[in-house]
Chemist: 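Got a structure for you, questions after.
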Amino acid sequence: MIEVRIEREGRYRYRIPRHGAMRVDAIFYASPAIARDLEAEGGQALQQLVNVATLPGIAAPAVALPDIHWGYGFPIGGVAAFDPRKGGVVSPGGVGFDINCGVRLLCSDLTRDDLEPRKEALADALFRLVPAGVGSERRELRIGAADWPHLLTRGARWAVERGLGDPDDLEFIESTGALPGAEPDRVSARALERGGSQLGTLGSGNHFLEVQYVEHVYDPEAAEVFGLFPGQVTVLIHTGSRGLGHQVCQDSVDRMLAAARRHGIELPDRQLAAAPIESPEGQAYLGAMAAAANFAFANRQVITAYAREAFARVFGPGSSRLRVLYDLAHNNAKWEEHGGRRVLVHRKGATRAFGPGHPDVPAPYRAVGQPVLVPGDMGRYSYVLAGTAGAMAETFGSSCHGAGRRLSRSQAKKVARKNDAVAALKRQGILVRAATRATVDEEIPEAYKDVADVVEAVEGAGLGRRVARLRPLIVVKG
DNA sequence: ATGTTC
């Protein structure tokens with residue numbers, strides 16, 4: 001059980017006052033039920049949040065969102081900003097292994113009624129055109145030595161320049177589809193080898209491509225600005241930087257531990273290994289991380305092109321253009337200005353959620369706020385929220401990123417074996433196409449918390465505003 | 001998350 005004082009500051013907001021080696025307070029957001037679960041889990045995720053608050057140069061407060069759970073060093077569902085002028089650090093554990101993992105939402109011109117008669121055909125076409133599973137490859141796009149520097153610095157734009165997508169897509173991607181500061185030379189040969197044939201693939205685990213429909217609109221005005229209407233068919237893509245990003249993280253871990261020692265950084269947990277932002281080790285990681293991030297942006301762009309191809313084959317060319325509503329990342333470290341300070345914001349399993357009027361929100365959405373895409377599980381629903389002024393004031397412009405697991409993978413498999421998960425979903429009108437049965441079993445709806453509870457806490461705390469709820473029709477998984 | 005333990 002966690003040995004710290006927790007102060008409840010509101011229905012959805014809790015504070016862990018600075019104590020011991022903490023340099024700042026920690027804040028977490030939770031519904032009463034989620035707060036009980038966090039305690040019941042022995043406070044492990046909250047202890048990780050406390051550990052983060054001890055790192056040099058952290059800007060107050062260390063933040064956790066309602067989908068917080070235990071992760072590598074830093075909790076998943078956490079936000080930590082560091083001030084370079086106060087010895088602030090960068091930590092690979094604060095970004096996560098799947099660098100720039102994120103979600104992209106596409107909007108069709110079709111309705112659920114248009115889709116229903118061709119649902120099986122569309123599921124088959126998507127599964128054929130979008131490789132999924134551990135080690136999945138798209139060999140026809142194998143990246144050669146001459147392409148790497150361009151791909152890793154230009155991100156989604158690289159794909160668009162090769163005819164994979166529309167130039168108009170880029171405006172609706174966070175950071176317009178490329179993090180600045182990428183240094184391709186910092187990415188190891190091994191990382192390039194792993195990623196070389198994986199561009200345009202989903203991967204495994206909780207990654208997916210879903211076809212959905214707009215089941216409910218909470219805010220008609222915001223929905224109209226985002227281009228959403230009831231019954232509309234949408235496509236949600238959740239994937240990251242595959243083996244390339246994983247290897248970049250792996251490569252950095254040992255080096256960062258040595259760097260922490262060299263710079264005299266005391267670590268309550270080795271997995272918090274960090275180096276000063278301005279140090280050679282910190283700069284090397286940031287250059288490689290941005291390159292991996294750009295691979296992830298390109299990955300979602302290429303998958304978009306193939307999803308469009310699948311729709312064209314099933315519904316006819318030009319029948320539905322699949323506009324990019326938004327593409328966001330939930331695992332990275334970015335330079336941003338908050339409270340008049342330039343800070344390096346680590347988001348690990350947390351979504352950037354800039355509020356109305358922020359210049360980094362695409363102009364057509366700026367009056368409403370940034371779209372915040374929150375995937376749930378494959379049997380229930382996902383949410384579209386809008387960023388708020390509250391998030392800007394309290395969480396460095398951040399919100400939640402998903403439901404969070406409630407069963408371990410092995411527990412989920414046991415539950416799934418009892419009732420045929422694919423058949424159960426089919427009875428609810430949800431078609432599943434998966435590379436392996438095991439992944440589906442690990443990802444059954446029962447394995448996840450109800451994302452509605454997470455979203456309730458986020459909205460109740462003023463960190464996001466519900467715009468629409470999306471219900472799955474087709475799920476493509478590893 | 002991950003060529004699911006180089």
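No hydrogens, no waters, no symmetry mates; every other heavy atom, side chains included, goes into these values. Throughout, a chain's letter reflects where its sequence line sits, starting with A, and its residues are numbered from 1. This is a predicted model, so every value here is computed, not measured.
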Chemist: If you pin A:His207 and A:Val134 to their nearest nucleotides in DNA chain B, which one's is more 5'?
Modeler: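 Looking at the nearest nucleotide for each, A:His207 comes out on the 5' side.
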
Chemist: Nearest whole angstrom, please: distance from the C1' of B:dT4 to the CG of A:Leu202.
Modeler: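 It works out to 17 Å between those atoms.
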
Chemist: Tell me the interatomic distance from A:Gln198, atom CD, to B:dT4, atom P, rounded to whole angstroms.
Modeler: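 Rounded to whole Å, this separation is 11 Å.
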
Chemist: By the 4.0 Å heavy-atom rule, please label A:Gly243 as base, sugar-phosphate, or nothing.
Modeler: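 Since only primed, P, OP1 and OP2 atoms lie under 4.0 Å of A:Gly243, the category is sugar-phosphate.
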
Chemist: More than 12 non-hydrogen atoms from neighbouring residues, nucleotides or ligands closer than 6.0 Å to CZ on A:Arg270, yes or no?
Modeler: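 Check fails, neighbour count at 12 or below.
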
Chemist: Side-chain N or O of A:Arg190 less than 4.0 angstrom from OP1 or OP2 on B:dC6?
Modeler: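 Answer is no, no contact under 4.0 Å.
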
Chemist: For the residue pair A:Arg471 and A:Tyr213, would you count it as a cation-pi contact if the rule is NZ or CZ under 6.0 angstrom from the ring centre and within 45 degrees of the ring axis?
Modeler: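 No, cation not above the ring by the 6.0 Å, 45° rule.
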
Chemist: Between atom CG in A:Asp254 and atom C1' in B:dC6, what is the gap in whole Å?
Modeler: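 Between C1' of B:dC6 and CG of A:Asp254: 12 Å.
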
Chemist: For the pair A:Arg142 and A:Glu137, find out whether any cationic side-chain nitrogen is under 4.0 Å from an anionic carboxylate oxygen.
Modeler: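 Answer for the salt bridge query: no.
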
Chemist: Could you state the CG-C1' distance from A:Asn331 to B:dT2, rounded to the nearest angstrom?
Modeler: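 Those two atoms, CG and C1', are 13 Å apart.
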
Chemist: Honestly, is A:Arg138 close enough over A:Tyr306, meaning NZ or CZ under 6.0 Å from the six-membered ring centre and within 45° of the axis?
Modeler: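 So A:Arg138 does make the cation-pi contact.
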
Chemist: Using a cut-off of 4.0 Å on non-hydrogen atoms, how would the nucleic acid contact of A:Ser204 be classed: base, sugar-phosphate, or nothing?
Modeler: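 A:Ser204: backbone/sugar contact only, no base atoms under 4.0 Å.
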
Chemist: Specify the residue among A:Glu442 and A:Arg405 whose closest nucleotide of DNA chain B lies further upstream toward the 5′ end.
Modeler: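 Going by which nucleotide is closer to the 5' end, it is A:Arg405.
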
Chemist: How long is the line joining OH of A:Tyr72 and C1' of B:dT5, in whole Å?
Modeler: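 It works out to 15 Å between those atoms.
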
Chemist: Could you give the CG-to-C1' distance, from A:Leu244 to B:dT2, as a whole number of Å?
Modeler: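 It works out to 12 Å between those atoms.
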
Chemist: Roughly, in whole Å, what's the span from CD in A:Glu193 to P in B:dC6?
Modeler: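 For the pair A:Glu193 CD and B:dC6 P, the rounded distance is 16 Å.
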
Chemist: Rounding to a whole Å, what distance do you find between A:Gln247:CD and B:dT4:P?
Modeler: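 To the nearest whole Å, that distance equals 12 Å.
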
